[in-house]
Amino acid sequence: MFDADRWIEIWVTITRNKTRSLLTCFGVFWGILMLVILLGTGTGFKNAMFKNVDGFATNSVFFESDRTSEPYRGFNKGRYWSMRNRDIEAIQREVKGIDALSPVIWGSRSDKNIVYGQVAGTYNVKGVFPDYFQIEKQELHFGRLLNTIDLQERRKVCLIGTRICEELFKNEDPCGKYIRVNGLYYQVVGVIKQIASGVNIGGRAESTVFLPFNTMQQTLNQGDILHFLCVSVIPGHPIQQAISDITDILKNQNEISPTDPQAVSVINLAAQFGMFENLFAGIDILVWLVGMGTLLAGIIGISNIMMVTVKERTREIGVRRAIGAKPWNIISQVMSESLVLTAMAGLLGLSAGVFLLDIVDRLLTIQPQSNDTMILNPGVNIGTAVAATIVLLICGMLAGLIPAWRAMQIKAIDAIREE
């Protein structure tokens with residue numbers, strides 16, 4: 001049941017020594033304020049970093065052929081080799097846990113290699129599987145993406161980036177029109193823009209022409225050679241196992257020593273993303289330690305002030321004990337005062353921290369955003385705010401624990417005698 005008299009008494013006790021109460025509350029206020037600001041800033045750094053890779057498959061791995069470093073089965077050390085279509089078929093058939101797979105073949109970037117009417121430009125050209133757009137996701141502006149039928153029927157169609165659309169078609173819908181790519185004509189079926197701003201595969205999509213892999217492989221007259229292999233793994237599947245299986249297949253089918261460490265170059269993007277996740281987890285732990293240290297200093301201050309308060313109220317506590325006050329009445333009185341002081345200061349600090357972070361977020365929103373933004377949407381989520389509040393209340397109770405124990409040690413007869 002709500003005891004109005006007790007809370008009135010607590011408030012009177014707190015306001016009796018306003019200067020002392022304010023100084024005590026400032027330590028807790030500052031501690032929780034620093035904790036919130038540090039957590040919000042860390043979140044802003046994390047948001048900015050991961051925005052650069054938004055839309056890019058974080059569980060992806062890339063493979064590329066390199067010179068061999070060991071002789072094997074009659075082949076000399078230093079041999080050049082290339083991945084082939086049969087490698088893709090074997091990987092699709094034998095390797096478990098693959099979510100998306102796309103070989104890549106690069107086209108020549110010669111001067112003015114893309115032409116529409118009287119307008120020409122120099123852009124990247126690459127052939128891919130439809131699965132490629134699950135690994136490097138794109139924002140579709142016009143038309144559609146490449147599909148399986150384009151691949152199977154070796155259609156002479158293409159996707160172009162938004163920059164190409166702007167320079168060749170003045171940002172008008174180019175779907176259905178034909179452009180000349182390295183001397184051959186292809187029908188435009190879509191216009192795309194890369195979502196991720198900080199990572200790409202062989203150049204920005206905005207300045208790239210995408211062709212069906214089989215079509216480009218045929219028009220380049222390179223047989224069944226491919227230049228690059230992109231793979232994304234099903235979430236939860238061991239990525240190192242997939243890397244090992246794919247590497248073994250590539251070495252086995254291309255007469256490469258199983259112990260050759262150089263012949264197959266592997267770019268494990270999943271491991272790099274995992275490293276970033278661990279880095280920010282470590283930063284969060286460090287922030288909590290620093291914030292809790294500052295908060296602890298404030299809590300110790302409240303505990304000391306409560307000890308002084310108990311000392312000053314020795315006679316009052318003795319009289320209450322003499323007239324029949326139960327131990328719980330004394331303990332709850334002291335701990336309630338400590339909890340109220342801590343909660344008031346802490347919630348004010350929490351509110352002030354959230355308010356300051358919101359101001360910073362609004363100021364950053366006003367400024368033009370760029371790809372190298374260091375902080376983005378700083379703030380704390382509701383889970384963090386609840387956790388900070390719970391920690392605050394627990395600390396408030398602990399701050400009153402020792403003073404409450406000290407109050408219980410006061411004997412009624414000694415307290416009444418004390419001047």
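For reference, positions follow the sequence shown, starting with 1.
- K126 is listed as a side-chain neighbour of T208, based on a closest heavy-atom distance under 4.5 Å.
- Using a 3.5 Å distance cut-off with no hydrogens or angles, the side chains of D87 and Q253 do pair a donor with an acceptor.
- Taking each heavy atom of T247 and V266 in turn, the nearest pair found is OG1-CG2, 4.2 Å.
- Annotation: side chain to side chain contact (heavy atoms under 4.5 Å, CB included) contacts of T58 (sequence neighbours excluded): F273.
- Atom CZ of F63 sits about 10.0 Å away from atom SG of C230, to the nearest 0.5 Å.
- For the pair I256 and L250, the minimum side-chain heavy-atom distance is 4.5 Å or more.
- In this model, a donor atom of one side chain and an acceptor atom of the other lie less than 3.5 Å apart for Q134 and D131.
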Requested in this report: Using the side-chain contact (heavy atoms from CB on, under 4.5 Å) rule, take R180 and I114 through it: C-alpha gap first, then chi angles, then the decisive distance, then the call.
Outcome: CA-CA 6 Å; R180 192 165 76 244; I114 309 298; over 6 Å; no
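- Taking all atoms of both residues into account, the shortest heavy-atom contact from I192 to F210 is CD1-CE1, 3.5 Å.
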Side-chain donor-acceptor pairs of residues 27-48 under 3.5 Å, sequence neighbours excluded:
residue : atom : partner : partner atom : Å
T41     : OG1  : I37     : O            : 2.7
T43     : OG1  : L39     : O            : 3.0
T43     : OG1  : G379    : O            : 3.4
N47     : ND2  : T43     : O            : 3.3
N47     : ND2  : L376    : O            : 3.2
N47     : ND2  : N377    : O            : 3.2

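- Across all non-hydrogen atoms, the minimal contact from H237 to A242 is CD2-CB, 4.4 Å.
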Requested in this report: Show the numbers, then the answer: is there a side-chain contact (heavy atoms from CB on, under 4.5 Å) between L159 and F133?
Outcome: CA-CA 11 Å; L159 290 174; F133 303 107; 3.4 Å; yes
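- Contact check on K170 versus E172 returns no salt bridge, with no Lys/Arg side-chain nitrogen under 4.0 Å from an Asp/Glu carboxylate oxygen.
- Between the side chain of Q217 and the backbone N or O of I225 there is at least one donor-acceptor pair closer than 3.5 Å.
- Residues M83 and L229 form a side-chain contact, since some pair of their non-hydrogen atoms from C-beta on lies under 4.5 Å apart.
- Side-chain atoms of C158 and V189, non-hydrogen and from C-beta on, never get closer than 4.5 Å to each other.
- One finds the CZ atom of R79 at 11.5 Å from the OG atom of S69 (value rounded to the nearest 0.5 Å).
- Aromatic rings of Y186 and Y178 (six-membered ring for Trp) have centroids beyond the 6.0 Å cut-off, not under it.
- The aromatic rings of F228 and W106 sit tilted, their planes meeting at an angle between 30° and 60°.
- The minimum heavy-atom distance between H141 and K193, with the atom names listed, is NE2-CB, 3.8 Å.
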Query raised in the report: Please walk me through it: do N214 and Q218 pass side chain to side chain donor-acceptor pair (under 3.5 Å)?
Result: CA-CA 6 Å; N214 291 355; Q218 185 177 37; over 6 Å; no
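- Using a 30° and 60° split on the angle between ring planes, F213 and F129 fall in the perpendicular class, above 60°.
- Contact between S232 and A57 at its shortest, heavy atoms only, is CB-CB, 4.3 Å.
- Going from atom CD1 of I88 over to atom CG of D224 covers 10.5 Å, rounded to the nearest 0.5 Å.
- Of the possible polar contacts, none joining the E64 side chain to the V264 backbone as a donor-acceptor pair under 3.5 Å is found.
- Side chain of R154 to main chain of T215: no donor-acceptor pair is present (N/O by atom type, distance under 3.5 Å, no hydrogens or angles).
- For the residue pair N85/E89, the side-chain donor-acceptor check at 3.5 Å is not satisfied.
- D361 and P378 get closest at one heavy-atom pair: OD1-CD, 3.9 Å.
- One finds a salt bridge joining E255 and R73 here, because a Lys/Arg side-chain nitrogen approaches an Asp/Glu carboxylate oxygen to under 4.0 Å.
- Distance CD1/I135 to CG/D99: 8.5 Å, rounded to 0.5 Å.
- Taking a 6.0 Å sphere around NZ of K137, one finds it holds 12 or fewer heavy atoms contributed by other residues, nucleotides or ligands.
- Contact check for W81 versus T68: side-chain heavy atoms found under the 4.5 Å cut-off.
- Looking only at atom types and distance, the side chain of T259 has a donor-acceptor partner in the side chain of E70 under 3.5 Å away.
- Residues that satisfy the side chain to side chain contact (heavy atoms under 4.5 Å, CB included) test with S207, not counting sequence neighbours, are Y123, R163.
- Neither side chain, T122 nor N113, offers a donor N or O lying under 3.5 Å from an acceptor on the other.
- Residues K177 and F169 are in side-chain contact: their nearest non-hydrogen atoms beyond the backbone lie under 4.5 Å apart.
- Contact check for I239 versus N268: side-chain heavy atoms found under the 4.5 Å cut-off.
- Here I91 contributes atom CD1 and R86 contributes atom CZ; the two are 11.5 Å apart, rounded to the nearest 0.5 Å.
- Taking CG of N182 as the start and CE of M216 as the end, the distance is 7.0 Å to the nearest 0.5 Å.
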Report task. Could you walk me through whether D150 and R144 pass salt bridge (charged side-chain N to carboxylate O under 4.0 Å, His left out), step by step? Result -> CA-CA 12 Å; D150 297 330; R144 63 173 178 85; 2.7 Å; yes
Report task. I would like to know whether Y132 and I201 meet side-chain contact (heavy atoms from CB on, under 4.5 Å); could you show each step before the answer? Result -> CA-CA 10 Å; Y132 179 90; I201 303 173; 3.4 Å; yes
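- Residues P130 and L145 are not in side-chain contact: their nearest non-hydrogen atoms beyond the backbone lie 4.5 Å or more apart.
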Query - Stepwise side-chain contact (heavy atoms from CB on, under 4.5 Å) test for E136 and Q194 - result: CA-CA 7 Å; E136 189 181 29; Q194 183 175 316; 2.8 Å; yes
